[in-house]
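Below: the structure, in structure tokens.
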Amino acid sequence: NYIDTLNTGYARENIVVLRTVDDAIDENLSTYMEELTKVPGVAAVATSWSLPTNVTSNTQANWTGITDAERLPMYQLGVTHDFFNLYRISLAEGRLFERERVNDRRSVILNETAVRRLGWKDPLGKEMIFNGRKGTVIGVVKDFHMKSLREEIEPLQIILNGSYATLSVRVDGDLPKALADIENVYQSFSPEYPFQYRLFEDIYNGAYEEDSKTAQLTFALTLLTIVI
């Protein structure tokens, strides 16, 4: 299957997306995430504004002295430190966010398309303005598909931001056992609400089902043309 084997730029297997509807978890999010990391088999825990399959927040490239012609439309994604490790998003140059660097709240990471569209030969150390404050480009990640596979990859800037819409967990061990342990952690924080999760691979398959059908139809038509 073409869609299943395509390199989208991120991992899909053994990633669990947890749903939280309880304010008790939001109010104790750091502790909750820390407890999740203690579950045997859990390799990484991270929050983000959205999943890598559907980045929706948008902004414009901005820096001191920018001209109107340079105001490149960009997508923007807020993440926590382990997002890149969790989804296996590769670093092209520079570095990722580090817990030991408190100033990383004022740092930004771009994707390759953003660097190319901005025309920057050496993006590291460039000053940008985001969320009304100045920051510095510390790294560039390799492009990954943020929308339909039929759409071009757009410029993206990634910032360190704990506000979240999704909480993801990657498991490198026994998935059913880890899920049972994760549910126990969840119930200890939110006993009144049922434990809900989805596998990221299922979300991916659902998001790209139309792409898969289009690819299959194209393949069938190609074969038919060859036969004729």
Please report the closest heavy-atom contact between [X] and [Y], naming both atoms and the distance.
{"X": "Ala61", "Y": "Leu118", "value": "CB-CD2, 4.0 Å"}
{"X": "Leu91", "Y": "Arg95", "value": "CD2-CA, 3.8 Å"}
{"X": "Ser168", "Y": "Leu51", "value": "OG-CD2, 4.0 Å"}
{"X": "Val137", "Y": "Pro123", "value": "CB-O, 3.4 Å"}
{"X": "Gly94", "Y": "Leu124", "value": "CA-CD1, 3.7 Å"}
{"X": "Pro155", "Y": "Thr113", "value": "N-CG2, 3.7 Å"}

Test item: [X] and [Y] side chains (from C-beta on) under 4.5 Å apart, heavy atoms:
{"X": "Glu154", "Y": "Pro73", "answer": "no"}
{"X": "Leu175", "Y": "Val16", "answer": "yes"}
{"X": "Asp143", "Y": "Arg116", "answer": "yes"}
{"X": "Lys147", "Y": "Asn54", "answer": "yes"}

Using a 3.5 Å distance criterion without hydrogens, assess whether the side chain of [X] forms a donor-acceptor pair with backbone atoms of [Y].
{"X": "Asn62", "Y": "Gly132", "result": "no"}
{"X": "Asp104", "Y": "Phe97", "result": "no"}
{"X": "Arg170", "Y": "Arg88", "result": "no"}
{"X": "Thr47", "Y": "Thr80", "result": "no"}
{"X": "Trp49", "Y": "Ser163", "result": "yes"}

Nearest-0.5 Å distance, [atom1] of residue [X] to [atom2] of residue [Y]:
{"X": "Leu96", "Y": "Ser107", "atom1": "CG", "atom2": "OG", "value": "11.5 Å"}
{"X": "Leu110", "Y": "Glu93", "atom1": "CG", "atom2": "CD", "value": "9.5 Å"}
{"X": "His81", "Y": "Leu86", "atom1": "NE2", "atom2": "CG", "value": "14.5 Å"}
{"X": "Glu13", "Y": "Tyr204", "atom1": "CD", "atom2": "OH", "value": "9.5 Å"}
{"X": "Lys134", "Y": "Met128", "atom1": "NZ", "atom2": "CE", "value": "13.5 Å"}
{"X": "Ile89", "Y": "Phe144", "atom1": "CD1", "atom2": "CZ", "value": "4.0 Å"}

Between [X] and [Y], is there shared hydrophobic-cluster membership here, with clusters defined by ILVMFWY side-chain heavy atoms closer than 4.5 Å?
{"X": "Val17", "Y": "Val55", "answer": "yes"}
{"X": "Tyr32", "Y": "Ile15", "answer": "no"}
{"X": "Val21", "Y": "Leu29", "answer": "yes"}
{"X": "Val45", "Y": "Ile158", "answer": "no"}
{"X": "Tyr10", "Y": "Leu18", "answer": "no"}

Ring centroid separation Phe200 to Tyr87 under 6.0 Å: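 Ring centroids of Phe200 and Tyr87 are less than 6.0 Å from each other.
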Verdict with supporting geometry, Thr59 and Asn131, side chain to side chain contact (heavy atoms under 4.5 Å, CB included): CA-CA 9 Å; Thr59 183; Asn131 294 349; over 6 Å; no
Atom CZ of Arg71 with >12 non-hydrogen neighbours under 6.0 angstrom: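 Yes, the 6.0 Å shell around CZ holds more than 12 heavy atoms from other groups.
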Crowding at OH, Tyr197 (>12 non-hydrogen neighbours, <6.0 Å):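 Counting other residues, nucleotides and ligands, OH of Tyr197 stays at 12 neighbours or fewer.
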Ser50 side chain to Tyr75 side chain, donor-acceptor N/O pair below 3.5 angstrom: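 Looking only at side-chain atoms, Tyr75 and Ser50 do not form any donor-acceptor pair under 3.5 Å.
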Donor-acceptor pair between Glu70 and Thr67 side chains, under 3.5 angstrom: yes
Trace of the side chain to side chain contact (heavy atoms under 4.5 Å, CB included) decision for Glu112 with Val140: CA-CA 6 Å; Glu112 293 172 310; Val140 179; 4.1 Å; yes
Whether Phe195 and Tyr186 hold their rings parallel, tilted or perpendicular, with breakpoints at 30° and 60°: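 Ring orientation, 0 to 90° scale: tilted.
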Worked verdict on Arg133 versus Arg105 for side chain to side chain contact (heavy atoms under 4.5 Å, CB included): CA-CA 10 Å; Arg133 60 187 182 187; Arg105 294 280 176 189; 4.1 Å; yes
Worked verdict on Ile129 versus Ile66 for side chain to side chain contact (heavy atoms under 4.5 Å, CB included): CA-CA 10 Å; Ile129 298 175; Ile66 191 172; over 6 Å; no
Electrostatic pair Arg99:Asp82 at N-O distance under 4.0 angstrom: yes
Lys NZ or Arg CZ of Lys126 over Trp120 ring: under 6.0 Å, within 45°: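 Positive - Lys126 is close enough to the ring of Trp120 and near enough to its axis.
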